[in-house]
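For reference, the structure is listed below as structure tokens.
Note that the structure is predicted; figures quoted are calculated from it, not measured. Lettering of chains follows the sequences in order, A, B, ..., and the numbering in each one begins at 1.
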Amino acid sequence: MSNIRHALTVKRADDFAAWYQEVISAADMAEESGVRGCMVIKPWGYGIWERVQYLLDQRIKDTGHDNCYFPIFIPLSNFEREAEHVEGFAKEMAVVTHHRLITNGKGRLVPDPEAKLEEPLVVRPTSETIIGDAMARWIQSWRDLPLKMNQWANVVRWEMRTRMFLRTSEFLWQEGHTAHDGEAEAKEHTLRMLEVYRSCAEEDLAMPVIAGEKPENERFPGAVETWSIEAMMQDGKALQAGTSHYLGTNFSEAAGIKFQNKDGDQELCHTTSWGVSTRMIGGVIMTHGDDDGLRVPPTIAPWQVVILPMLRGKDEDADAAIVDYCDSLKDLLEGAITCGEKVRAMVDKSHGKAAAKRWNWVRKGAPIVVEVGSRDMDNGVVSLLRRDALWAESGKPDFHAPSKADAAEQIPAILEEIQTKLFTEARDRRDANITRDIATMDQLTEFYNDNAQYPGWVEVQWSKPTGPALEQVVEQLKALKLTIRNVPMNAEPNDSPCIFTGEVAVERIYVARAY
RNA sequence: CGGGACGUGGCGCAGUCCGGUAGCGCACUACACUGGGGGUGUAGGGGUCGGAGGUUCGAAUCCUCUCGUCCCGACCA
């Protein structure tokens with residue numbers, strides 16, 4: 001029905017996984033590195049990450065945390081202290097055993113047997129243990145609490161199967177670590193940071209999420225409670241986009257994080273940790289991308305407005321005049337505020353044909369592209385293209401031609417409109433793909449068999465089984481490739497019985513296929 | 001880590017079965033035409049065929065090993 005010539009070759013509906021990869025390469029976000037499971041993040045992808053970093057960093061600082069940096073290497077013995085934690089991570093660790101290389105006589109470099117480390121170092125998969133060590137040194141009295149820290153770092157988890165941004169062996173993240181006087185305060189803080197993640201995801205990334213508690217079997221190794229924000233991707237799968245853990249006294253016991261309370265007694269701290277990673281970028285792609293590439297929400301777009309001078313290369317003076325005209329629009333825009341910040345506008349003066357450059361920016365998902373040719377300039381207008389409303393009825397790019405002054409005035413509001421629109425579109429799509437009228441395992445099985453391609457999520461009632469009973473539920477779900485995502489906050493069960501056990505339900509849970 | 005597919009100029013591919021010294025499309029460079037929209041033509045540049053070893057007079061092609069990618073499982077953020 002459509003004669004649109006899309007900017008990508010693969011459509012979401014035809015092959016979502018292939019589409020995802022095409023977006024990443026077509027938008028020039030990242031590429032394979034030749035190192036197993038590791039990627040090169042290119043300027044456009046990293047620029048988006050820097051925006052996320054900047055905005056989340058503000059939110060983390062606003063909630064009273066200081067940034068710091070701990071070593072990438074953790075002594076093995078240090079890592080061994082918390083039993084569940086070790087068990088959880090042991091099978092995916094990179095280990096450093098030598099500190100020198102020598103040539104083996106065949107022109108190859110090999111680790112020098114003479115330079116073997118007395119104690120191997122593990123490359124951090126997360127930093128609870130080494131930060132716990134520091135907390136134990138730094139905390140003496142109740143006056144030292146709460147201790148609230150954050151670090152931006154890379155971590156390594158030796159993954160069997162990797163996907164760009166979603167699961168890479170090395171990834172970038174922030175990890176927050178706090179120590180508190182008592183369970184209540186620590187739990188409250190766990191939820192406060194979950195709320196920080198929710199607001200960052202929804203307000204900054206325009207990615208709707210459901211915040212809730214993970215079931216027992218999905219807990220972080222060593223945690224007492226694990227909470228998450230879960231986002232629905234356009235193929236109906238769930239993406240865990242951030243986690244916040246209440247660690248109880250597990251790590252305090254292991255590392256000796258103690259304080260003297262007001263009564264003079266020694267007490268263990270209750271700790272928390274929480275993180276979001278470059279996986280968020282994968283979430284943005286699969287939430288907002290379309291058949292023309294990425295669509296970056298204006299708040300996290302490195303450039304919100306890309307101005308393309310259409311140069312002929314024939315008449316230097318004429319071309320220079322067009323560039324000046326573009327620069328003057330950029331100057332006007334930079335004096336304006338959108339989404340609480342100065343508008344980020346750039347004039348793309350790179351070589352290359354203007355039309356090709358336009359499609360590159362469409363694929364990258366710049367929210368607004370403004371083209372300026374000699375006729376625009378003569379008429380005092382610009383040609384404005386919105387990434388969220390790319391195509392006109394005719395099947396051609398839907399250019400608008402406001403005057404330069406009008407464009408400068410309207411663009412800040414348009415950007416805010418795009419931000420809101422991307423969010424509401426994603427939220428409506430998610431809500432439309434949550435099914436709530438499934439009461440039995442048979443119905444659940446039927447539902448996922450009938451909707452193999454875009455099944456979405458199912459909300460069911462459950463009795464919150466634990467231990468072996470929960471294992472059974474997990475196995476049942478696994479047969480359908482399903483997982484329990486989380487237990488949404490403030491959601492009372494209705495009066496249906498538990499879908500798994502038939503007992504009285506105590507909670508609602510989301511069940512979905514997941515990344 | 002199991003099962004499958006694959007790796008050939010920047011990208012997408014043909015050639016591999018049946019060994020004879022590498023080709024197509026897009027992109028790129030130059031020139032010309034064109035000029036409000038992903039343009040056309042002509043002429044060019046670029047690859048020791050993922051890597052190592054082997055068989056052979058000769059290997060992209062056959063054999064062995066290895067690295068990497070994708071899909072499906074298991075595992076996990």
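On the P atoms, rU8(B) is 10 Å away from rG51(B), given to the nearest whole Å. Remark: the separation of the C1' atoms in rG58(B) and rC76(B) is 50 Å, to the nearest Å. The separation of rA5(B) from rG20(B), taken at their P atoms, amounts to 24 Å, rounded to a whole angstrom. Between rG50(B) and rA22(B), the two P atoms lie 15 Å apart (nearest whole Å). Comparing the P positions of rG12(B) and rC71(B) gives a spacing of 14 Å, expressed to the nearest Å. Across the C1' atoms, rG54(B) and rA59(B) are found 11 Å apart, a figure rounded to whole Å. The gap from the C1' atom of rG3(B) to that of rC13(B) amounts to 26 Å, rounded to the nearest Å. Separating the P atom of rC6(B) from that of rC24(B) is a span of 24 Å, rounded to the nearest Å.
Arg59(A) has a carboxylate O that lies under 4.0 Å from a charged side-chain N of Glu203(A), or vice versa, which qualifies the two as a salt bridge. Classification of Asp292(A) and Arg5(A) as a salt-bridged pair fails, no side-chain N sitting under 4.0 Å from a carboxylate O. Salt bridge present: Arg12(A) and Asp291(A) bring a charged side-chain N and a carboxylate O closer than 4.0 Å. A salt bridge links Lys42(A) with Asp28(A): the distance from a Lys NZ or Arg NE/NH1/NH2 to an Asp or Glu carboxylate oxygen falls below 4.0 Å. Salt bridge present: Glu475(A) and Lys478(A) bring a charged side-chain N and a carboxylate O closer than 4.0 Å.
Using modelled atom types, one finds a donor on one side chain and an acceptor on the other under 3.5 Å when comparing Thr483(A) with Arg485(A). No hydrogens or angles considered: a donor-acceptor pair under 3.5 Å links the side chains of Glu507(A) and Trp462(A).
The CZ-C1' distance, from Arg36(A) to rU69(B), rounds to 10 Å in whole Å. When rounded to the nearest whole Å, the span between CD of Glu31(A) and C1' of rU69(B) equals 14 Å.
Residue-level contact check: Gly37(A) touches the backbone only, with heavy atoms under 4.0 Å from sugar-phosphate atoms and none from bases.
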Sort me out a list of protein N/O and nucleotides 8-10 of chain B N/O pairs below 3.5 Å, or just none if empty.
none

Nucleotides 31-43 of chain B: protein proximity per nucleotide (B base, S sugar-phosphate only, - neither; heavy atom, under 4.0 Å):
---BBBBBB----

One character per nucleotide, please: for nucleotides 70-77 of chain B, 5' to 3', B when the base has a protein heavy atom closer than 4.0 Å, S when only the sugar-phosphate does, - otherwise.
SSBBBSBB

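Checked against the 6.0 Å centroid threshold, Trp173(A) and Trp49(A) do not count as a close aromatic pair. Here Trp359(A) and His6(A) keep their ring centres 6.0 angstrom or further from each other. Two rings, from His65(A) and His189(A), have their centers less than 6.0 Å apart.
Among pairs with a residue in residues 210-222 of chain A, those fulfilling salt bridge (charged side-chain N to carboxylate O under 4.0 Å, His left out) read Lys214(A)-Glu230(A), at least two apart in sequence or across chains.
Using the Watson-Crick or G-U wobble rule with both distances under 3.5 Å, rU21(B) pairs with nothing in any strand shown. Using Watson-Crick or G-U wobble geometry with both donor-acceptor distances under 3.5 Å, rA43(B) finds its partner in rU29(B). A 3.5 Å limit on both hydrogen-bonding distances identifies rG54(B) as the Watson-Crick or G-U partner of rC62(B). As the counterpart of rU48(B), no nucleotide is assigned, since no Watson-Crick or G-U wobble pattern has both distances under 3.5 Å. With a 3.5 Å ceiling on both atom-pair distances, the Watson-Crick or G-U wobble partner of rC1(B) is rG73(B). Checking rG68(B) for Watson-Crick or G-U wobble geometry (two distances, each under 3.5 Å) identifies rC6(B) as its partner. Searching all strands for a Watson-Crick or G-U wobble partner of rU16(B) with both distances below 3.5 Å returns nothing.
In this view, Asn486(A) and Ser228(A) satisfy the side chain to side chain donor-acceptor pair (under 3.5 Å) rule, not counting sequence neighbours. Checked against side chain to side chain donor-acceptor pair (under 3.5 Å), Tyr46(A) has no partners two or more places apart in sequence or in another chain.
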